[in-house]
Amino acid sequence: MSLNAALFAGRVNFIAGFAAASGKTMLAKAILALLREKGLKCALISAGYEGGGREPAGAPTLKMPSSEMPTFEVEKGEVFSTAANALPFLDCMPELIAGPVGSSALGPIVLARAERSGSAILAGPARSEALATLVEAARHLRGIDAVIIDGTLDRLTQISVLPDPQLYCAVRADRADCQQIAKRMATFYQLVHLPKWDASRAREGEALIFEGALSSATLEKHRSTRDIPILIKDITRVFLRPDEIASLSARGRLFIQQEISFRGFVVALRDIEPEEFMFYLPHDVADSILSWNPYEHEEGSRFAQQAQAADIGRSARYKRGDV
């Protein structure tokens, strides 16, 4: 299966990754390119702020955008979340349309629309409620056909407050870490495919119901009830080791109340071919890979490569102070 605009149009698309530099931004740009090719406009929203040279929390001003900040080339009419302090530095003539809504390490967060093509610095609120408010505002704007959220697995709890989101996991692997990444993909696949609890079974004492997080420590406290099913709200509440997840899944003990629509993995490889990497994956996990190296092979690759080249040039100009 390959990426195409139909997967993302009309939807709230949450992109997660196992760590920084996992290919999330690359995937977001590839999706953006696919939507543009079909004449569609999207809103780009960040779940928090990532990047080198973090400002301390509560920083009152943003003196000059760093070349390490996550920048996007936006087209006229596209919407994005950013720090209010960053607006004067952007050359896309941003029009403020909502906010401030929450804050990040860069300061208060706003929603802006590009009045001309140019650069945008992506930043978003750290709190889930503020993210949900931004997404609701963006998805109801006239002319916006899709919402793309640049998130992380560390903040996956934020997806539980979003309206009917679909989840994509961006993965980057090379020959040195391919086995470790494959194991993480297998664990994550188990997690997002936990069975939904049948409400008709929910009689008193038939399941351990956890309203909050399910951690290793919590599981240890209930070790005496090892044969009773465990019920949690959704996968964002699970903080267990991979072996614990595998054990509970194999014994049919772990259930969720609310499902999250997981659409698949998008994998970027370095120094290793897809066939070799798939050797380390269970068949069902390998089958859930939507695309390899989206910049190289997808329908929108020409546009994505152009955007990537423009971002490189933009970063160089920031570094020189030309903007």
Side-chain angles (χ1 to χ4, degrees), residues 11-19 45 47-48 101-102 124-136 139 147 149-171 183-265 282 284-285 287-288:
R11 300 298 302 269
V12 173
N13 305 283
F14 192 99
I15 303 172
F18 294 136
I45 296 177
V101 179
R127 296 183 63 86
S128 300
E129 297 79 7
L131 178 66
T133 300
L134 275 181
V135 171
E136 276 296 322
R139 66 195 290 255
V147 177
I149 302 170
D150 188 354
T152 69
L153 290 183
D154 289 341
R155 291 192 288 267
L156 191 58
T157 51
Q158 294 175 323
I159 199 173
S160 64
V161 302
L162 301 178
D164 191 27
Q166 52 184 17
L167 173 63
Y168 296 85
C169 185
V171 177
K183 289 178 181 178
R184 295 195 70 177
M185 289 175 64
T187 298
F188 187 67
Y189 183 88
Q190 278 189 319
L191 194 59
V192 296
H193 287 89
L194 288 174
K196 189 175 182 180
W197 179 252
D198 183 355
S200 65
R201 296 179 57 188
R203 295 191 297 271
E204 184 69 26
E206 189 166 348
L208 288 173
I209 302 175
F210 291 92
E211 298 296 336
L214 177 61
S215 65
S216 298
T218 306
L219 194 63
E220 179 64 23
K221 289 179 182 179
H222 294 86
R223 187 170 53 177
S224 60
T225 58
R226 57 180 300 169
D227 295 325
I228 299 178
I230 295 173
L231 179 60
I232 55 175
K233 180 181 177 182
D234 55 49
I235 64 169
T236 69
R237 309 300 175 95
V238 179
F239 298 91
L240 300 174
R241 299 191 310 269
D243 61 301
E244 293 170 332
I245 296 173
S247 176
L248 290 172
S249 298
R251 290 153 53 198
R253 286 196 59 206
L254 191 54
F255 296 85
I256 55 174
Q257 292 175 303
Q258 297 178 13
E259 295 176 309
I260 292 175
S261 176
F262 176 64
R263 300 306 300 268
F265 297 99
D284 50 359
V285 180
D287 289 342
S288 69

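Keep in mind it's a predicted model, so treat the numbers as computed, not measured. Computed from heavy atoms alone, side chains included, the values below leave out hydrogens, waters and symmetry copies.
- Residues Gly151 and Ala47 share a closest heavy-atom pair of CA-CB, 3.9 Å.
- Rounding to the nearest 0.5 angstrom, the gap separating the CZ atom in Phe262 from the OH atom in Tyr168 is 10.0 Å.
- Residues Phe265 and Val285 have side chains in contact (heavy-atom distance under 4.5 Å, counting atoms from C-beta outward).
- Of all non-hydrogen atoms in Leu162 and Ala132, the two that sit nearest each other are CD2-CA, 4.0 Å.
- Contact annotation: the side chain of Leu191 approaches that of Val238 to within less than 4.5 Å [non-hydrogen atoms, C-beta and beyond].
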Discussion item. Set out, in order, the CA-CA distance, both residues' side-chain angles and the distance that settles side-chain contact (heavy atoms from CB on, under 4.5 Å) for Arg11 and Val147, then state yes or no.
Written reply: CA-CA 6 Å; Arg11 300 298 302 269; Val147 177; over 6 Å; no
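- With contacts defined as side-chain heavy-atom distances shorter than 4.5 Å, the pair Leu167/Ser261 does not qualify.
- With a 4.5 Å cut-off on side-chain heavy atoms, Ser249 and Leu194 count as touching.
- Put simply, the side chain of Pro229 reaches to within 4.5 Å of the side chain of Trp197, judged on heavy atoms.
- Residues Ile149 and Val12 form a side-chain contact, since some pair of their non-hydrogen atoms from C-beta on lies under 4.5 Å apart.
- From Ser288, atom OG reaches atom CZ of Arg263 across 12.0 Å, with rounding to the nearest 0.5 Å.
- Across every non-hydrogen atom of Ala246 and Gln190, the tightest pair is CA-OE1, 3.6 Å.
- Each of Ile209, Ile256, Leu254 was scored for a side-chain contact (heavy atoms from CB on, under 4.5 Å) with Leu231, with one residue passing: Ile209.
- A heavy-atom distance below 4.5 Å is not found between the side chains of Phe239 and Leu214.
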Worksheet item: Ile260 and Val192: side-chain contact (heavy atoms from CB on, under 4.5 Å), yes or no, with the steps?
Response: CA-CA 7 Å; Ile260 292 175; Val192 296; over 6 Å; no
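- The minimum heavy-atom distance linking Ala130 with Val101 is given by the pair O-CG1, 3.4 Å.
- Nearest approach of Asp234 to Gln258, heavy atoms of both residues: CB-O, 3.5 Å.
- At least one donor-acceptor pair under 3.5 Å links the side chain of Arg237 to the backbone N or O of Glu211.
- Using a 4.5 Å heavy-atom cutoff, the side chains of Pro242 and Glu244 are not in contact.
- Put simply, CD1 on Ile232 and CZ on Phe210 are 9.5 Å apart, with the number rounded to the nearest 0.5 Å.
- Listed here is the closest heavy atom pair of Ile228 and Leu208: CG2-N, 3.8 Å.
- Taken to the nearest 0.5 Å, the CG atom of Leu219 stands 11.5 Å off from the NZ atom of Lys221.
- Atom-to-atom distance recorded for Ser216:OG and Ile245:CD1 is 9.0 Å, nearest 0.5 angstrom.
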Item to complete: Begin with the C-alpha distance, continue with both residues' side-chain angles, and end with the deciding distance and a verdict on side-chain contact (heavy atoms from CB on, under 4.5 Å) for Leu131 and Val161.
Response: CA-CA 8 Å; Leu131 178 66; Val161 302; 5.6 Å; no
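- Between Leu134 atom CG and Arg139 atom CZ the span is 13.5 Å, to the nearest 0.5 Å.
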Worksheet entry | Verdict with supporting geometry, Tyr189 and Cys169, side-chain contact (heavy atoms from CB on, under 4.5 Å) | CA-CA 10 Å; Tyr189 183 88; Cys169 185; over 6 Å; no
